[in-house]
Amino acid sequence: MGRIYLTTPIYYVNDVPHVGHAFTTINTDAVARWHRLLGDEVHFLTGTDEHGLKVQRSAEELGRTPIEHADITSARFGEAWELLNISNDDFIRTTEPRHHDSVQALMQRIYDNGHIYLDTYEGTYCVSCEAYYSDDDLIDGDHCPVHKRPVEHMVEENYFFRLSAFEQPLLDWFAAFPDNVTPEGYRNEALGLLRQGLDDLSISRTSIDWGVPLPWDDAHVFYVWYDALINYATAVGFGADPERFAHWWPHTHHLMAKDIIRFHIIYWPAMLLAAGIEPLPTYHVHGYLLLGGEKMSKTGLNNVSPADMVDAFGVDGFRYALLRDNSFGPDSDFSYEALLARYNTDLANTFGNLLQRVTTIVQKSCGGVGPKPQEASPLRALAETAYEETAAAWERVQPAQALDATWRLVRDTNEYLQEHEPWKLEPGKELDAIMGDALEVLRIVAILGSPAIPAGAVEAWRRLGLEGSPLDQRLPAAAGWGQYRGGLDVVKGDPLFPRLKG
RNA sequence: GGCGACGUAGCUCAGCUGGUAAGAGCGCUCGACUCAUAAUCGAGAGGUCGAGAGUUCAAGUCUCUCCGUCGCUACCA
């Protein structure tokens, strides 16, 4: 049995939850659910990032205090994750007292270790980016290259983090841990950033007060990014509960999109090293969802809400199609049409239909009582292979590959039925053997597929007449062939995943 | 400009350190079946693995050049 601490990024509250956030969160959730099946001790964290000038100004524009604004917008993420059946163990908000305490404790350690110094910073600043730009970066003289909005001139006394001192230690980390970042392409990107050299970072602001004050100088607050990153430590008790922190921290896995590689894989590990915290986290980076389909390209990713997808495909349908169709790593095309095709093919036709035909035949020919499988079933080896490949893929944080491996077993079982035509058989040993095999596959698939389709797996489990829940099974034992013991009341129901029209 | 990724059947993509792998799923055509959600199963068509050159006994698989697409270069998953 292992232990794993999984995190999504904390999402910036000025954003509205969209399918990009959902992609990261659903992937993390599925991995968390897989590890729970393995019997691993799992802590799954998500949350919201709530400080910074952008939030402060948005709040002002809306006539709210920053915390009122953050309360409202943070809740939208919580609601979205609830809707998507996300099984996070904790939801952190950077405005919580526990986080302020943790940030101050961690930064104080870095300060005490001599890695922070005071200096003056003068430059052009984009409020939307909350970042300084050099003149070269600007377009049209004074416009932010990202937001195309005018930048502002700022002069600040800032505290700086001596990031430059950690270039070599970070390179050493990469050398020592070949799997610290997956997939490999992103590992190389991070290494590339490192090799370009590291400059010290401005980490505090005096221009705003919506943030965490520096413990040694309360005229400053931490720049939102540096406070935000620390959430991962806060949530497992940094500064408050050393025992708990020691329990989880060595097992930290951060999942995230490629855009925040620099902050997460360069700055954050450097901060940890500066604070004397090791080992460093493991990272799993994915690409962007690119809008392809007609229905979505018109609106843009930001306007595709998880709720819309759930309306279209159901919670499990959306989860499954998203995980299966967009591999974790490269950018991938995302479209309503592709999700629809995936849903119909894999959930309606392949899995849902198999469940339906099996339960129907058991009703008609076996008196509604599910027989047990054959010990030497032809499906046995296929099921064992499916488990091994499924498990290996989840271990690599490759949900699409994992589901592909699981679903291959479902396809094999449809083929098996076709070959033996149980609908032509009279009640008896031969029929029982075939139907028992099919029921056993469904039992296994309900478990292996549950990280993607938790609700559907539970319902399938119930229809098979099984006790308990597929979510409470323990792998790898539960995937072993022959555990559908037979004599169970099999229930037929409405199609679990109804076929959808475009 | 710098750094990087990618370009394999109509579509989405697998193909690790080079050697019977040119593959999967979808789509399409034909056929079978009828338990099942117009679902299922089988067969087939379809690719000179972006172009060119090179290394090698052997190259989607390594090197170089070119063409094309895209990303990052302190906002967003």
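Chain letters run A, B, ... following the sequence lines, proteins first, then strands; residues in each count from 1.
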A:Glu421 meets the salt bridge (charged side-chain N to carboxylate O under 4.0 Å, His left out) criterion, sequence neighbours left out, with A:Lys424
From CG of A:Leu193 across to C1' of B:A74 the rounded distance in Å is 10 Å
Partner of A:Phe313 under side-chain contact (heavy atoms from CB on, under 4.5 Å), picked from A:Asp308, A:Leu339, A:Leu347, A:Leu322, is A:Leu339
Going 5' to 3' through nucleotides 31-43 of chain B and flagging B where a protein heavy-atom sits under 4.0 Å of the base, S where only the sugar-phosphate is that close, and - otherwise, we get --SSBBB-SBSS-
Paired runs of 3 or more consecutive Watson-Crick or G-U pairs involving RNA chain B, with both pairing distances under 3.5 Å, are B:1-7 with B:67-73, B:10-13 with B:23-26, B:28-32 with B:40-44, B:50-54 with B:62-66
Per the glycosidic torsion and the 90° limit around 0, nucleotide B:G50 is anti
Residue set satisfying side-chain hydrogen bond (donor to acceptor under 3.5 Å, both in side chains) with A:Thr252, at least two apart, ordered chain then number -> none
Exercise. In whole angstrom, give me the gap between the C1' atoms of B:A59 and B:G15.
Key: 13 Å
Looking for any heavy atom pair under 4.0 Å, which part of the strands does A:Tyr288 touch: base, sugar-phosphate only, or nothing?
base
Note: contacts of residues 387-399 of chain A with RNA chain B (heavy atom, under 4.0 Å) are none
With a 3.5 Å cut-off and sequence neighbours excluded, list the donor-acceptor pairs that the side chains of residues 256-264 of chain A form with protein atoms.
unit_1, atom_1, unit_2, atom_2, d
A:Lys258, NZ, A:Asp331, OD1, 3.0
A:Lys258, NZ, A:Asp331, OD2, 2.9
A:His264, ND1, A:Ile260, O, 3.3
A:His264, NE2, A:Tyr232, OH, 2.7

Same-atom distance (P) from B:G4 to B:A9, integer angstrom | 27 Å
- Item | C1'-based separation of B:U65 from B:C26 [nearest Å] | 37 Å
Quiz prompt | Short N-O contact, A:Arg463 and A:Glu459, less than 4.0 angstrom | solution = yes
- Item | Inter-nucleotide C1' distance (B:A77, B:G7), Å rounded | 25 Å
From CZ of A:Arg262 across to P of B:G71 the rounded distance in Å is 18 Å
Residues at least two apart in sequence or cross-chain that pass salt bridge (charged side-chain N to carboxylate O under 4.0 Å, His left out) with A:Asp200, listed by chain then number, are none
A:His18 NE2 to B:C76 C1', in whole Å, measures 6 Å
Tell me what A:Leu201 touches on the nucleic acid: a base, only sugar-phosphate, or nothing, going by heavy atoms under 4.0 Å.
-> base
Quiz item: According to a strict under-4.0 Å criterion, is A:Trp268 in side-chain N/O contact with OP1 or OP2 of B:A74?
Solution: no
Acceptor/donor pairs from residues 392-403 of chain A side chains to any protein atom, 3.5 angstrom cut, sequence neighbours excluded:
unit_1, atom_1, unit_2, atom_2, d
A:Arg396, NH2, A:Gln401, OE1, 2.5
A:Gln398, NE2, A:Phe328, O, 3.0

Whole-angstrom distance between B:G54 and B:C16, as gauged at atom C1':
24 Å
A:Lys258 atom NZ is separated from B:A74 atom P, nearest whole Å, by 15 Å
Between CD1 of A:Ile26 and P of B:A77 the distance, given in whole Å, is 15 Å
Rounded to whole Å, the CZ-C1' distance (A:Phe334 to B:C70) equals 19 Å
(request) Evaluate the side chain to side chain donor-acceptor pair (under 3.5 Å) criterion for residues A:Asn231 and A:Arg93: first the C-alpha distance (whole Å), next the side-chain angles of each, then the deciding distance (0.1 Å), finally the verdict. (result) CA-CA 8 Å; A:Asn231 89 86; A:Arg93 301 183 52 190; over 6 Å; no
Give A:Tyr11 one of three labels, base, sugar-phosphate or nothing, depending on what nucleic acid heavy atoms sit under 4.0 Å from its own. sugar-phosphate
Using atom P of each nucleotide, how far apart are B:C30 and B:C67 to the nearest Å?
45 Å
Check: A:Tyr11/A:Thr46 side-chain N/O donor and acceptor closer than 3.5 Å | no
- prompt: Which whole number of Å gives the distance between the P atom of B:U17 and that of B:G25?
  reply: 25 Å
Subject >> Distance flag, aromatic centroids of A:Tyr159 and A:His220, threshold under 6.0 Å >> reply: yes
May I have the step-by-step check of side chain to side chain contact (heavy atoms under 4.5 Å, CB included) for A:Phe166 and A:Phe161, ending in yes or no? CA-CA 10 Å; A:Phe166 293 91; A:Phe161 170 52; 3.9 Å; yes
By side-chain hydrogen bond (donor to acceptor under 3.5 Å, both in side chains), A:Asp325 pairs with (sequence neighbours left out) A:Arg342
Atom CD1 of A:Ile261 and atom C1' of B:G4 are separated, to the nearest Å, by 10 Å
In whole angstroms, the gap separating C1' of B:G27 from CG of A:Leu340 amounts to 14 Å
Determine, step by step, whether A:Glu157 and A:Thr120 satisfy the side chain to side chain donor-acceptor pair (under 3.5 Å) criterion, reporting the C-alpha distance in whole Å, the side-chain angles of both residues, the deciding distance to 0.1 Å, and the verdict. CA-CA 4 Å; A:Glu157 212 170 41; A:Thr120 304; 4.7 Å; no
| message | Taking B:G46 as the reference, what is the distance to B:C11 when you measure between their C1' atoms (whole Å, please)? | response | 13 Å
With sequence neighbours left out, the residues meeting side chain to side chain contact (heavy atoms under 4.5 Å, CB included) with A:Ile72 are A:Arg64
Letter by letter from the 5' end, nucleotides 5-16 of chain B scores (B base, S sugar-phosphate only, - none; protein heavy atoms under 4.0 Å) ------------
A:Ala307 meets the side chain to side chain contact (heavy atoms under 4.5 Å, CB included) criterion, sequence neighbours left out, with A:Leu83, A:Ser305
